[in-house]
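One structure is given below, encoded as structure tokens.
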Amino acid sequence: MRQVFVIEGPTVLQGDVDVRGAKNSVLKLMAAALLAPGRSLITNVPAIADVRIMCELLSRLGCGIDYDADAGTVAIEVPEAPGITADYELVRLMRASISVLGPLVGRMHAAEVAVPGGDAIGSRGLDMHQRGLEQLGADVRLDHGYFVASAPGGLRGADIALPFPSVGATENLVMAAVLADGVTTIENVAKEPEIVDICTMLVSMGADIEGIGTSRVVVTGVERLHPVEHRCVGDRIVAGTWAFAAAATGGDVTVHGVGLDLLPNVVDKLIEAGASVEAIGSEDAAVAGFRVRGPERPRPLRVSTLPFPGFPTDLQPFVIALNAVAGGVGLLTENLFEARWRFVNELSRLGAQVSIDGNHALVTGVGSLSGAEVEASDIRAGAGLVLAGLTASGTTEVSGIDHIERGYEHFVEKLTGLGAAITRVEKPETVIP
Ligand code: EPU
């Protein structure tokens with residue numbers, strides 16, 4: 001049997017929704033825990049499949065794991081000498097597994113981590129991870145599908161300049177450098193809030209990092225780090241998903257757990273689409289939030305995806321879904337991943353008028369989409385199809401929902417709480433006799 005989401009549209013989303021910690025931070029915070037023996041505790045952890053995969057990976061490295069999905073906590077008991085091998089079996093399920101590479105080489109001076117292949121959104125190179133670790137003094141070679149890294153005398157500080165502000169390479173190299181001998185300077189680093197979150201945890205573990213949140217970080221290696229308790233930053237992409245869902249459905253949604261400071265450029269685009277956006281709560285990240293009220297019909301958007309603080313590539317499918325029902329012609333330019341268009345073919349099944357030219361998607365808004373069966377190819381594409389289904393008339397059935405559940409906790413329950421008619425249904429697999 002396979003599971004699908006069945007949506008009856010159109011719907012106007014209304015109400016309040018809570019957002020917990022960011023998938024793209026928590027997985028790296030869990031990897032960072034490897035840098036110190038003892039028990040680290042991470043809070044504000046979302047109940048998503050990727051966290052369970054990372055728990056399994058760390059437990060296979062010898063860590064004791066206590067994950068309480070309801071409470072949103074994960075405790076990680078790291079041994080004096082964790083294992084060094086991350087198997088393909090887990091890495092293929094979740095690319096973010098690569099983030100144990102830096103901490104393992106930094107602390108254990110050796111690692112064997114399976115190389116993830118390309119995926120539905122692009123080829124996703126790892127050359128900057130490899131080259132950066134080599135500059136820190138590690139020998140890194142590809143052996144039977146694994147990065148085999150070793151630095152017998154430990155890593156040494158180095159001057160590194162990234163050709164592109166890669167999120168994953170920045171994280172791996174900072175996590176490797178915190179225990180290196182000497183000073184590491186990394187130029188052109190990524191500045192995403194998740195990077196700031198990871199650096200903040202590393203500093204509270206005893207690391208010495210300057211320039212956090214800027215394009216240049218200076219890491220002075222220390223001999224030893226200690227375990228900590230750390231609260232994961234809220235998920236700005238999940239928050240942005242709810243914001244676009246409110247804007248596209250003409251709804252009124254209040255999001256709790258993420259402040260507007262994490263959504264620069266996104267807020268401007270929501271307003272340009274005709275939505276009103278209002279900050280609520282206080283400066284305290286735990287209670288920060290915002291309210292989005294959508295227009296009767298959105299105005300089309302022109303958006304280019306860029307590294308933070310630019311418009312996030314992970315919100316790209318929601319812009320296209322909104323443009324699909326907007327009053328006019330919109331344009332989306334994707335600058336990070338070359339193959340993030342599989343979603344567009346599915347959206348066309350709902351009646352969207354999209355044409356792709358290189359890295360541009362030209363979208364002519366139609367009065368209304370019409371429900372159909374569609375398939376999710378990645379996390380954001382899946383959530384984007386659900387959003388399109390909410391605006392469509394009739395029944396939309398989204399398969400491939402395991403992708404969505406990798407990154408969105410209690411998705412059906414949260415949508416139902418906002419007034420959507422969505423259910424999870426079991427369907428038999430197609431069998432060809
Ligand atoms: N790149 C290289 N070589 C490298 C590293 C990256 O060529 O060594 C290229 C990639 O192929 C890609 C671009 O640089 O075209 C950006 O990659 P980056 O390293 O910045 O992204 P990532 O670390 O692989 C994270 C998020 C993605 C998010 C991107 C961009 C995690 C687990 N994933 O990926 O999130 O889209 O940053 O912000 O943190 C998602 O959550 O659905 C998702 C895909």
Side-chain angles (χ1 to χ4, degrees), residues 21-32 46 48-51 53-54 57 91 93-102 113 115-135 140 142 147 160-176 186 188-198 232-233 235-241 262 265-266 305-318 334-343 359 376-384 400 402-409:
K23 168 182 83 72
N24 290 346
S25 188
V26 72
L27 301 171
K28 329 302 173 62
L29 299 174
M30 292 171 73
I48 53 173
D50 274 11
V51 168
I53 297 173
M54 190 52 113
L57 200 160
V91 175
L93 292 179
M94 186 183 74
R95 292 184 56 85
S97 309
I98 196 73
S99 56
V100 298
L101 181 63
V113 179
V115 178
D119 63 13
I121 63 175
S123 58
R124 308 190 72 177
L126 293 169
D127 49 300
M128 288 181 239
H129 299 239
Q130 179 171 4
R131 176 87 189 102
L133 288 174
E134 285 169 350
Q135 285 176 279
V140 188
L142 187 68
F147 274 137
I160 300 173
L162 297 179
F164 176 85
S166 153
V167 168
T170 299
E171 292 163 347
N172 250 330
L173 297 178
V174 170
M175 289 194 284
I186 318 178
N188 199 25
V189 291
K191 296 181 285 199
E192 270 67 3
E194 295 76 24
I195 309 253
V196 172
D197 197 27
I198 294 153
C232 182
V233 68
D235 198 317
R236 67 194 164 97
I237 304 300
V238 173
T241 304
L262 298 188
N265 287 304
V266 176
T305 65
L306 284 172
F308 191 85
F311 193 93
T313 174
D314 290 338
L315 292 179
Q316 184 244 80
F318 311 110
E334 171 57 49
N335 292 310
L336 276 90
F337 294 110
E338 77 272 18
R340 218 163 190 170
W341 299 134
R342 259 165 78 173
F343 154 80
N359 64 334
S377 52
D378 73 85
I379 305 175
R380 313 300 169 193
D402 45 322
H403 288 296
I404 302 173
E405 293 182 335
R406 287 186 46 202
Y408 290 85
E409 66 171 6

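We count ligands from 1, going down the list as the structure has it; atoms in each ligand are counted the same way.
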Walk me through it: do D197 and S25 pass the test side-chain hydrogen bond (donor to acceptor under 3.5 Å, both in side chains)? CA-CA 7 Å; D197 197 27; S25 188; 2.7 Å; yes

Determine whether I186 and T170 satisfy the following criterion, side-chain contact (heavy atoms from CB on, under 4.5 Å), listing intermediate values before the conclusion. CA-CA 8 Å; I186 318 178; T170 299; over 6 Å; no

With side-chain contact (heavy atoms from CB on, under 4.5 Å) as the test, would you mind laying out the steps for S99 and M54 before giving the verdict? CA-CA 10 Å; S99 56; M54 190 52 113; 3.8 Å; yes

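When only non-hydrogen protein atoms are considered, atom 24 (O) of ligand 1 lies nearest to R124 NH2, 3.0 Å. Residue, atom and distance of the protein heavy atom nearest to atom 23 (O) of ligand 1 are G168 N, 2.9 Å. The protein non-hydrogen atom at the shortest distance from atom 32 (C) of ligand 1 is N24 OD1, 3.3 Å. Regarding atom 28 (C) of ligand 1, its nearest protein heavy-atom neighbour is D314 OD2, 3.4 Å. The protein non-hydrogen atom at the shortest distance from atom 9 (C) of ligand 1 is G125 N, 4.6 Å. Annotation: atom 8 (O) of ligand 1 to nearest protein heavy atom, M128 N, 2.7 Å. Counting only heavy atoms of the protein, atom 19 (O) of ligand 1 lies nearest to S166 OG, 2.6 Å. Ranking protein heavy atoms by distance to atom 16 (C) of ligand 1, first place goes to F164 CE2, 3.8 Å.
On a distance-only criterion, F337 and ligand 1 share no N/O pair closer than 3.5 Å. Ligand 1 has no nitrogen or oxygen under 3.5 angstrom from a nitrogen or oxygen of A169. Here's the thing with P165: none of its N/O atoms is less than 3.5 angstrom from an N/O atom of ligand 1. Checking only distances, D127 does come within under 3.5 Å of ligand 1, N or O to N or O. On a distance-only criterion, K23 and ligand 1 share at least one N/O pair closer than 3.5 Å. Considering backbone and side-chain atoms together, E338 places no N or O closer than 3.5 Å to any N or O of ligand 1.
Of all heavy-atom pairs between V196 and K191, the closest is CG2-O, 4.3 Å. Residues A383 and T241 share a closest heavy-atom pair of CB-CG2, 4.4 Å. Of all non-hydrogen atoms in P46 and V26, the two that sit nearest each other are CD-CG1, 4.1 Å. Summarising the geometry of R380 relative to Y408, their closest heavy-atom pair is NH1-OH, 3.1 Å, with the distance given to 0.1 Å. Between A96 and L27, the closest heavy-atom pair is CB-CD1, 3.8 Å. Considering all non-hydrogen atoms of both residues, V266 and P312 come closest at CG2-CD, 3.6 Å.
Set against the non-hydrogen atoms of A96, the atoms of ligand 1 under 4.0 Å away are 32 (C). Residue H129 approaches ligand 1 through these ligand atoms, each under 4.0 Å from one of its heavy atoms: 8 (O). Every atom of ligand 1 with a heavy atom of T313 under 4.0 Å away is listed here by number and element: 30 (C), 36 (O).
With respect to the salt-bridge test (charged N to carboxylate O, under 4.0 angstrom), the residues E194 and K23 do not qualify. Ion pairing between a basic and an acidic side chain is recognised when a charged N comes within 4.0 Å of a carboxylate O; D314 and R340 show such pairing.
Using a 4.5 Å heavy-atom cutoff, the side chains of P116 and I98 are in contact.
A side-chain N or O of H129 and one of N172 form a donor-acceptor pair less than 3.5 Å apart.
Considering D378, V167, T305 only, the shortest heavy-atom separation from atom 18 (P) of ligand 1 involves V167.
Residue R380 touches ligand 1 through its side chain alone, judged by heavy-atom distances below 4.0 Å.
Counting protein heavy atoms under 4.0 angstrom from atom 26 (C) of ligand 1 gives one or more.
By the 4.0 Å heavy-atom criterion, K28 is counted among the residues contacting ligand 1.
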